[in-house]
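What follows is a set of notes on a single structure, which appears directly below.
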Amino acid sequence: MKGVLSERKTLHPQDIERRELPAAAGRAVRELAREISTTLDSTLPDPASTAVTLTDPIVIAQIERRFAELPADVRRTMRPPATAAGATIVSKLPLTDAEFGPTPPSWREAAQWSGDAARRAHSFELDLVMLLLARSAGEPFGWQGQQGGRLVNNILPSPGHEDEQSGASSKTLLSPHSEDAFHPQRANLLMLGCLRNPDLVGTTVSSVRRVELSAAQRRLLSTPTLPILPDVSYGSGHEQYSATPLPTLWTSAGPDEATLRYDPAYTPLDDADAEYRAAYARLTAELERVCVTAALTPGEILLVDNDVAVHGRVPFTARYDGTDRWLKRVNIRLPDRPRRAEEADENGYGQRVVAPFRAAGTTAFVSGGRESARTDEHRKPHPVAIEREAAHDRGSIEHP
């Protein structure tokens, strides 16, 4: 059973680090996105009918060549969270509610709007803004099995999914988890950008560096005991891969430097002994105790350190009238934070990343914790992956 936070959480925005994106820097991001969009239109043979995606080589080349033109304030503000909370709220990107239209009924419609030439001046431009910000923080990437391999995901409520453990849900609490905890190439940093949130729906964040555990509990949870399986967004087929026991905690540098991989919904806890389950339950209770909630407003960005904090979302009532909560999400790898050596040999259950910036840049491709030379596959910008149908797709339709 997936552990969930109390639905009666008090908002504690003061417990989350806050940074201000200077107005001039925010305008510069918007203006550069507009310039790139205009440049793309001028290079396309028929811009009125050509659908462009963020993973197209021409788009990657523009972002890679031009993001360094942004003011230094952008890179300074978009740096990883600097406090034990493992999260930072960045204010405030200039945007207006009218410029991006009604909240779509699903991520698929949102993606179609972004790729539609008629809407490119608005929806696609906002996706370019998110990608420029993410590139200023690190290396944006996507998953072939999530939202068609897109680099910028749309998070919004969808009819028929109200009670699921998914970001497309609304009535149910989306419980805390490390994003893609099962995979050694999971994001170091998540970027959640708010376009619309009239009901001030909160994103929950809980930091492992604020929990209180005994030495014995930390020792148990630091021992590779249980695997973390892929969530439903990746479909079936992972059964053919060996399930490697993983540690939940890493505490070798001390509690103040602890990191975690945590997703109880996809951790077979019944396979562990009672002592381990008790330690895991204590961790879950502590993550609830230290939980803080960020109710983002339009133009605000939440940065979550995916190695330090777990995240979720409180329940709300969706109206499906075009005014519901709408976030943009980007996975970001931090090149100066390679994975641990013991993660290098994990198979990742065959799930693959869409990482065009690793090809465009000069840094080595990182598989798990081991630096390695890039293969031809990683030198070429990835095309958009084939979309999959998934009726209960946490990664494809959700995210907080």
Side-chain angles (χ1 to χ4, degrees), residues 19-44 47-48 50-79 90-101 104 110-142 147 150-155 189 191-196 296-303 326-332 354 356-357 360-361 381 384:
R19 298 175 188 160
E20 192 75 24
L21 182 67
R27 289 194 299 270
V29 177
R30 294 299 314 262
E31 289 168 4
L32 182 54
R34 191 171 301 117
E35 287 180 23
I36 292 174
S37 182
T38 301
T39 298
L40 292 173
D41 283 343
S42 68
T43 59
L44 295 171
T50 305
V52 179
T53 64
L54 295 179
T55 47
D56 284 346
I58 188 173
V59 177
I60 297 303
Q62 282 284 324
I63 297 289
E64 188 67 17
R65 182 162 57 245
R66 302 201 60 187
F67 83 94
E69 298 174 15
L70 293 171
D73 281 335
V74 176
R75 292 185 290 280
R76 177 187 58 78
T77 307
M78 295 301 294
R79 71 190 187 278
V90 175
S91 301
K92 190 173 190 185
L93 193 70
L95 53 81
T96 62
D97 187 79
E99 69 180 289
F100 43 82
Q112 289 170 0
W113 292 3
S114 182
D116 184 348
R119 295 178 178 265
R120 188 174 301 143
H122 301 288
S123 186
F124 184 68
E125 184 181 305
L126 283 168
D127 281 351
L128 289 174
V129 167
M130 296 300 157
L131 199 55
L132 284 166
L133 290 172
R135 186 66 185 96
S136 298
E139 294 181 3
F141 71 92
Q147 297 204 9
R150 288 173 175 82
L151 299 178
V152 179
N153 293 165
N154 290 279
I155 297 91
L189 186 67
M191 187 182 83
L192 298 170
C194 179
L195 273 60
R196 179 177 288 140
L296 300 178
T297 60
E300 287 188 326
I301 296 163
L302 178 65
L303 299 175
W326 185 2
L327 305 185
K328 298 279 188 177
R329 194 210 72 167
V330 187
N331 289 298
I332 302 170
V354 179
F357 289 103
V384 174

Minimum side-chain heavy-atom gap [X]-[Y] below 4.5 Å:
{"X": "N154", "Y": "K328", "result": "yes"}
{"X": "I63", "Y": "L54", "result": "no"}
{"X": "I332", "Y": "F357", "result": "no"}
{"X": "L95", "Y": "P298", "result": "yes"}
{"X": "L93", "Y": "L133", "result": "yes"}
{"X": "L21", "Y": "M78", "result": "no"}
{"X": "V74", "Y": "P71", "result": "yes"}
{"X": "V90", "Y": "M191", "result": "no"}

Write down the atom of [X], the atom of [Y], and the distance for their closest heavy-atom approach.
{"X": "R150", "Y": "A111", "value": "NE-CB, 3.2 Å"}
{"X": "R66", "Y": "E35", "value": "NH2-OE1, 2.7 Å"}
{"X": "D73", "Y": "P22", "value": "OD2-CG, 3.5 Å"}
{"X": "R76", "Y": "E20", "value": "NH2-O, 4.3 Å"}
{"X": "I60", "Y": "P356", "value": "CD1-CG, 3.6 Å"}

_Please tell me whether S91 and E300 have a donor and an acceptor in their side chains that are separated by less than 3.5 angstrom._
yes

*Do any N or O atoms from the side chain of R30 and from the backbone of V129 form a donor-acceptor pair under 3.5 angstrom?*
no

